[in-house]
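Okay, so here's the structure we're looking at.
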Amino acid sequence: MLGTTHRVEDTDTRSGPTMTEMLSTKLLSFSPSGEKLAHSGPDGILRIWNTTSGLLEHQFQPAEHLTATTSCIRYCSTRKRLQETAKKKPTNEGNCLIAMGTLAGTIHIYCPERRAVIATLEHSPSQAILDVYWSTKKNKTSVLFSLSTNNTIMEWHVNTKTSLRPMEVSGGSTFLVFSQKKICLANRSIEYLSKRVNGDDLKVIRTFTGHTSSVTQLVPLVSNDGHVKYFLSSAQDDTFVYAWDTQCETGDPAVSFMVKDVVQSMAVAELKDSTVTLAVTVRTGTLILFTQHLNGNRHSAAVKHTGKLRIVTDSTSKQTIPIVFSFFCNDSASSIIVVYGYSPVFKFERIAIADIAKHTQLVRSNPSAAVLNQKTALVKTLTPKVTRDATIKGLGCCNESTDSKLKRKFNDEDGVASLPMEERLNALALDKTTTQYGTEPPKANNLVHLLLQGLTSKDQRILHSVFDHGDEQTISNTVRRLPATAVIFSSIRNFATVRWVRSVLYYHMSHLSTLPDREELMQPFYSACVSRMSTLQQVTQLHARLDLMLTHVATRHQESKQTAVEPEAILIYREESSDEDDMLEATLGVSESEDNWDELSDIGEINGHTDEDSDMEVDQQISSVKRRMEEEDEEEQTEEENDEENSDCDLVICD
């Protein structure tokens, strides 16, 4: 609920503590009338807040949030809502759409009324969407523009789900669409582009100096007649906000707003009588208000703020609650909606601009502390009553065995048992296993009590200790004993552990199929399956290539290992037949083969000759053969010498 406004003149100009995490302005978007606020958190969940009641209406988690992180969102807005708001006509925001750009290059068109994605547009595969912007044609139909990291801008007709040819640009971080033919693109410098008459290409009409860092936000200054002549820009880690004149030839800013702190987000009211009212939220969580008249002349001096708003806690420390976003209602009271708190819990405050003085301080309760107290109040410690008919079990209750009853002392008439400390300690080991080494403590075959304790207390250490068990029998016994109320809770958060999820689906599928929100319950599993199936083919190919490489490496390693085991021979002996063996065989008629040698030995034994006698005879025969061969060699050598002498004599005679 929106609290009442209390203006306090604060002479202390100390700023609050620096925010630990700055919210991206591209992930926050107001509806055309400011009644709704859309916010996409780091968990991928889109939350829709009602700024009037301050309640979270609903939240939506896309099925592709694991593979396609949301990079920017924007409500479908038209300039016609300004006149409707001024005349206090009710606006039908049920038909308003939200464009959600992703890092995967897709754009989801979400309908808050249906609470579903009605269209998915693909700008550029694997190229992140930097920004999206809605524009309105003359026939009051909405057109969506998207900017991608591949330096292209596309125009989408959401009703027909068609797009025009991509328009190439020089590159930018954000953009602003004045009309279907006028676009403003910003990176550090700012380019004012126009679509060519005979094509879809964009040409640069004018270039502005811009900022020293990347521009994060461009806001148009819309007049009463819907004409846009000026626009504002803010950049990352910059302490100035500049106003630019689209008709200025020099490219310098028309007005500079000096913030003296890093700008986080900005909002602007409708331009009335060339007077702009600007609200800037800074990194320290303070809202700074500016008012300046734009007469077409360039102002050299920076404009100083006219008001400052700070929200603090109601504690003694007066800690600053950061203001993260704002929106001008453009109503008769000239009020502004202020969003403060920490993501994903926000609170809203509607304040009249006239109530924001030079130093205004509001005292409010801390939203995050309220949520923490609410969660703590739900936790209660229950002490069970033990009666005569109850059986007390310790950690051994996990075993399927007979239970023994303990002796109890009953001090009251109701039969409530009061166990002594000794019996309580002994109850921890009721089922005792006796072996030859003594008594062993009981062994649990399931972890149901530990799992329920972790699910109830949401203690990640307990849950991780349970899910680290990979024994199929333990998992089966644990999941089989889970109550129905815990099955839903565990199913939502345990999809990453395949064995546990498979067991949950096997034993409790009949219960899960009867739930009305079973599709939403199984959505994380579908997302995990989609993310894994998208890379299955690439992973399979990589596995095949790695397997082939490992096979080649193993083969080479085995060959090198065999080579190392078999050393080279120091000496190689090759047995060859000689002329002496042939001569011996021709002379004696005997061969030295094993068969003939055995036959000769047998014949010698029959004739009364011993082996020694045979050896001596053989040696004598061999010696005589060798002498005969030596004599023949000497005769041949003598003949050769005689032939040489005769040939020498013949040569002398010829000469």
Side-chain angles (χ1 to χ4, degrees), residues 24-29 38 40 42 44 46 60-78 96-112 116-137 141-187 190-191 193-196 199-204 214-218 527 530-531 533-535 538:
S24 175
T25 56
K26 295 182 179 180
L27 298 178
L28 289 164
S29 180
S40 179
L46 177 67
F60 172 76
Q61 184 173 9
E64 300 85 0
H65 75 283
L66 295 177
T67 57
T69 305
T70 303
S71 59
C72 55
I73 64 173
R74 194 177 293 270
Y75 250 107
C76 178
S77 60
T78 61
C96 287
L97 303 177
I98 300 177
M100 304 171 57
T102 65
L103 297 179
T106 58
I107 305 170
H108 301 302
I109 307 300
Y110 177 73
C111 180
V117 175
I118 62 174
T120 300
L121 312 176
E122 186 173 354
H123 184 139
S124 53
S126 70
Q127 297 290 335
I129 302 297
L130 296 176
D131 203 356
V132 291
Y133 201 91
W134 291 92
S135 180
T136 306
K137 290 184 176 181
T141 58
S142 298
V143 180
L144 178 66
F145 290 84
S146 59
L147 172 64
S148 176
T149 53
N150 63 353
N151 299 332
T152 58
I153 296 177
M154 292 191 68
E155 179 181 348
W156 301 91
H157 298 276
V158 180
N159 296 333
T160 59
K161 300 180 183 179
T162 58
S163 63
L164 301 180
R165 190 172 63 88
M167 297 174 286
E168 296 184 358
V169 294
S170 59
S173 57
T174 184
F175 72 117
L176 172 64
V177 179
F178 297 103
S179 63
Q180 287 188 289
K181 296 183 179 180
K182 303 292 182 181
I183 298 176
C184 190
L185 180 67
N187 189 4
I190 303 174
E191 295 180 347
L193 308 175
S194 176
K195 187 182 293 186
R196 299 181 185 273
D200 295 333
D201 296 335
L202 296 174
K203 65 177 181 179
V204 180
S214 299
V215 177
T216 57
Q217 193 174 6
L218 294 174
S527 302
V530 170
S531 62
M533 290 299 296
S534 61
T535 59
Q538 292 83 352

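If you're wondering where the values come from, they're calculated on a predicted model, not measured in any experiment.
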*Would you confirm whether Thr149, through its side chain, and Ala128, through its main-chain N or O, come within 3.5 Å as a donor-acceptor pair?*
yes
*Could you tell me the separation between the CG atom of Leu144 and the CG atom of Asn159, rounded to the nearest 0.5 Å?*
11.5 Å
*Any side-chain heavy atom of Leu202 sitting closer than 4.5 Å to one from Leu185?*
no
*Taking the side chain as every heavy atom from C-beta outward, state whether Pro166 and Ile153 have any atom pair closer than 4.5 Å.*
no
*asked:* Return the CG to CD1 distance between Leu176 and Ile190, rounded to the nearest 0.5 Å.
replied: 10.0 Å
*Rounded distance [0.5 Å steps], SG in Cys184 versus CG in Leu193*: 7.5 Å
*Using the test side-chain hydrogen bond (donor to acceptor under 3.5 Å, both in side chains), find all partners of Glu191 that sit at least two apart in sequence or belong to another chain.*
Ser170
*Can you list the residues that meet the side-chain hydrogen bond (donor to acceptor under 3.5 Å, both in side chains) rule with Thr535, with sequence neighbours excluded?*
none
*asked:* With a 3.5 Å distance limit and no angle check, can you tell me whether Ser29 reaches the backbone of Tyr75 through a side-chain donor-acceptor pair?
replied: yes
*Does the side chain of Ser124 come under 3.5 Å of the side chain of Ser148 through a donor N or O and an acceptor N or O?*
yes
*Would you say the side chain of Leu97 lies within less than 4.5 Å of the side chain of Ile118, judging by non-hydrogen atoms?*
yes
*Pairing residues for Thr152 by the side-chain hydrogen bond (donor to acceptor under 3.5 Å, both in side chains) criterion, not counting sequence neighbours*: His123, Asn150
_Residues that Thr160 engages under side chain to side chain contact (heavy atoms under 4.5 Å, CB included), provided they are two or more places apart_ = His157, Thr162
_Results of ring pair (Phe, Tyr, Trp, His ring centres under 6.0 Å) for Phe60 - residues two or more places apart only_ = Tyr110
*Per the side chain to side chain contact (heavy atoms under 4.5 Å, CB included) rule, which among Thr174, Ile73, Val132 passes with Lys26?*
Thr174
_Heavy-atom closest pair, residues Leu46 and Ala38_ = CD1-CB, 4.2 Å
*asked:* List the residues meeting side-chain hydrogen bond (donor to acceptor under 3.5 Å, both in side chains) with Ser40, not counting sequence neighbours, and say none if there are none.
replied: none
*asked:* So, taking the atom named OG in Ser194 and the one named CD1 in Ile183, what distance separates them when rounded to the nearest 0.5 Å?
replied: 9.0 Å
*Looking at Gln538 and Ser534, what are the two nearest heavy atoms and their distance?*
OE1-O, 3.4 Å
*Flag side-chain contact, heavy atom, 4.5 Å: Ile129 against Cys72*: yes
*Locate the shortest heavy-atom distance separating Pro112 from Ile98; write the atom from each residue and the value.*
CG-CD1, 3.9 Å
*Enter the distance from Arg74:CZ to Ser146:OG here, rounded to the nearest 0.5 Å.*
12.0 Å
*So which heavy atom on Asp131 is nearest to which on Phe175, and how close?*
O-CE2, 3.5 Å
*Hey, could you give me the NZ/CG distance between Lys195 and Leu164, rounded to the nearest 0.5 Å?*
6.0 Å
